[in-house]
Amino acid sequence: MYADVALPVPLDQAFTYVLPETLRHRVQAGCRLIVPFGSRKLTGVVLAIHKNRPQGVVKEAFRLLDEQPALEEHLIALGRWIARYYCAPIGEVLRVMTPLSGETRSSKMYSLTDAGRDAARQLLFGADTDDPTIQILRLLEGRSVSTAYLTKKIPDAAKAVRSLLKKGFVDVEEVHSDRDPLRASSSRLRISFPDARPEGKLKKSERELLSYLELHPGSHNLAEVDQVVKNASEAARSLARRKILSLQVEGPTLDTHPYKPPPVLNIHQEVAFGKIRDAVQAAAFRAFLLEGVTGSGKTEVYLRSIEATLAVGRSAMLLVPEIALTPAVAGQFYHRFGDRVAILHSAFHDAERAEQWRRIRNGQARVVVGTRSGVFAPVQGLGLIIIDEEHDGSYKQQAPPRYNGRDVAIMRAHNANACVVLGSATPSMESRYNVERGKYELLQLPERVEKRPMPEVELIDMRVEFVETRKQATFSRRLIDAIRERLDSGEQIMLLHNRRGFSSFVACRSCGERVRCVNCSVTLTFHRRDRRMLCHYCGYAEKVPSLCPKCGSEHIYFLGVGSERVEEELHREFPSARIARMDRDTVSGKRHFETILTGFRERAYDMLVGTQMIAKGHDIPNVTLVGVISADIGLGMPDFRAAERNFQLLTQVAGRAGRGELPGQVLIQTINPDHYAIRLAAAQDFLGFYTQELNFRKAMRYPPFSALANVLLRSEKQEDAMRMSSEMAHLLTPAPENIKILGPAEAPVPRLKNEYRYQLLIKAKDRSTLNRTLHSLRTHAADRKWNATSLVIDVDPLTLL
Ligand code: ADP
Ligand code: ZN
Ligand code: ZN
């Protein structure tokens, strides 16, 4: 028997291995297998099992990781589609589709057999306690313990255990520790009333716990019970071990928010929800674009649609941008759907993720909330997929395979005869255009809930400010006054500055030289707190020089304002204000992000300064002023999406203001007040922006008027990168029908992480032409045996850098 295995290597093929006798009947397609590959061991996914001996030497597979396929057939089919569409090796695609990089951690649990128990009774009577055999028997009396626990208690247990196993006194069982509730913390355990009658003697705490459960039927969080019943936690574990009651691991406790009863839908929500509900009931593929202004109550429409999906016996999935999966969001879902929710977040440990994956797979969790890779969750009976903030860049993976979770979700919904809802206040050009082309149905929420007004937006022309004050200031007088007003009235403020660090450049006043990264062709950013200059692309860091490295001058100066400096200037301006900053320098882990956000929500801070992180989806009612320090950042990028991204960011951040009872105000500082992206964002006019941007895209044949791919050639040697790129260009000369090629040219960042980069942009009239062309490029690279990482193909790129 042979297995074709897809391995996480940048090659477009599966590899065939012999299955040893022990694996023959256990391996199925979709299972993960550990196999030798060159001198390495790799984990791959079995695509097929067959009896056709391939030519040449065939190696034997080592080990099987899953008894059940890790990927069901329809997911493998989805993986094949991704591989084709994004020109990515199937093995790399399947690797990101499986929940865990390694295997689910398992451990061995030892317990006494009947014979062992008899033996123990005799042996333990007055026995020597230094003997490891005796110690083990004593330890195992009435319970089972893991290898780790056993060796911790009895360091020299190994030999004695082996002998006890041989004699049949001890039994060993392989358990997945992730799934062992006895190892989870009490706050994550749910306890419910006994399935079995208690036998034998009970401790006092055990009796108390049982009578509590009898009086309070239903399931409870163990940590909460622990508050009212003394030693409940310990008692519960002991009872669970004896199988008198069962403990279940629940989702991570993200639910810290007060319960809000579901509001009555307004007329717009009602209409949108009605359409989605009807479509879900029809059980056929349908796609909707839900365009709802900020604060229009899109989430409530999602929640109702999910309820309607559950009501017809199917499951639902909600995808949200990485940064937006906050406790507030998760909490709403727990309140509404309780145990039926699984939350998938990349910040979770493998164990947590494995547990959620298992609950989804066995149909226990029928509502899945996740980030990009959540789209691969093994949801059973999928009826609805919702993609919130569908325009968000975090849906696109920036490493191979470069898939867009939104588009994969649409494909998945299509294959499953499910409905898909794309929600946003600022839909992407592609999605909105799909409405025009009749592919999606448009649903609109044109106003905020409870007729709350949209925030008032004002543009502040910083050129005029400069003329009037003769000062190059970070804050305009208008903004300073507005901040002061809010501080006085106890309302909160958000300030966006989408550039981190202290100063963006460090330069020499004498010769004009800017300090650059040694690995990349970009300037270094000064970070004051660490007293270093950092490369934001590769992480390279160095001390600030006291003399110019080029001309020796002492006149080093700092240019450009970053969020760190905005925070510092704010402290100076408003010494008693409580200010929090949120950017990648202050937020290291997911939890940290939540701490800042929760602190702000609970009014521990008056002001939150930050990069685009602060703009995404947060619903903080007491924020009445939003300021944008510079709306111009990013506009000059050599990227056809620059205007779209700018419009989205400004509209989204403006939408954070005035979401509660109090109306909101937005002040946007800019030196380009006439730029259409800025002007229309200030007017919060999505349709106006869409119409104007569409003209530009059409004239330039950019998406949605073409299928686009960015082909990047990279090498540590500049000649090589250049040569490869001209070979690619040559292959495409004359340009195939319906294809237009830009380049080859140096990439906007010509050197990155020590590699030189050249790129070609390929615009194709249709998808299949693009795909065919890209595959011919890959074949060429493979035939020439180019280093696998030198050709990067990014299909539907979100950025061209
Ligand atoms: P969006 O995602 O569209 O910006 P949210 O879904 O965050 O808006 O909703 C904003 C707030 O309005 C939330 O606090 C939500 O609970 C509330 N809300 C939603 N629908 C209604 C409604 N029909 N009536 C009153 N409040 C509502
Ligand atoms: Zn100099
Ligand atoms: Zn660098």
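One-based numbering, in listed order, for ligands and for the atoms of each.
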Under 4.0 Å from one or more heavy atoms of T294, ligand 1 contributes atoms 4 (O)
Min heavy-atom dist S296 to ligand 1 below 4.0 Å
yes
Between Q269 and ligand 1, does any nitrogen or oxygen pair lie at a separation below 3.5 Å?
yes
Quick one about E307 and Y302 (side-chain donor to acceptor, distance below 3.5 Å, no hydrogens or angles considered), yes or no?
no
Would you kindly say whether T611 and N498 are connected by a side-chain donor-acceptor distance under 3.5 Å?
no
Between M533 and K543, which heavy-atom pair has the shortest distance, and what is it?
CE-O, 3.3 Å
Within less than 2.8 Å of the Zn ion (ligand 2), any N, O or S from C508?
yes
Do you see a donor-acceptor pair shorter than 3.5 Å between the side chains of R486 and Q665?
yes
Whether H527 and H536 hold their rings parallel, tilted or perpendicular, with breakpoints at 30° and 60°
perpendicular
Face-on cation placement of R406 at Y395 ring, 6.0 Å and 45° thresholds
no
Round to 10° and report the angle made at the Zn ion (ligand 3) by SG of C520 and SG of C535.
120°
Here the atoms of ligand 1 under 4.0 Å from any heavy atom belonging to R659 are 1 (P), 4 (O), 5 (P), 7 (O), 8 (O), 10 (C)
For ligand 1, which atoms sit closer than 4.0 Å to a heavy atom of N266?
23 (N)
Apex the Zn ion (ligand 3) - arms SG from C538 and SG from C517 - angle rounded to 10°:
100°
Testing the 3.5 Å rule here: is there a donor-acceptor pair between the side chains of E322 and S394?
no
Would you say the Zn ion (ligand 3) has H536 as a near neighbour, meaning an N/O/S atom of that residue under 2.8 Å away?
no
Could you say whether the N/O atoms of G292 and ligand 1 ever approach to under 3.5 Å?
no
Is ligand 1 less than 4.0 angstrom away from at least one heavy atom of R448?
no
Using only heavy-atom distances, determine whether the side chains of E390 and S424 contain a donor-acceptor pair under 3.5 Å.
no
Name of the residue among N622, I614, I620, T595 meeting side chain to side chain contact (heavy atoms under 4.5 Å, CB included) with F600
I620
Just checking F558 against F526, ring centres under 6.0 Å apart?
yes
Just to confirm my numbers, could you give the angle made at the Zn ion (ligand 2) by SG of C551 and SG of C511, rounded to 10°?
110°
Can you tell which of P263, P262, P261 gets a heavy atom nearest to atom 24 (N) of ligand 1?
P263
Looking only at heavy atoms, is any part of V264 under 4.0 Å from ligand 1, and if so is it the side chain, the backbone, or both, or is it neither?
backbone
For ligand 1 and E450, I'd like to know whether there is a polar contact (N/O to N/O, distance under 3.5 Å).
no
Backbone or side chain, does any N or O of E300 fall under 3.5 Å from an N or O of ligand 1?
no
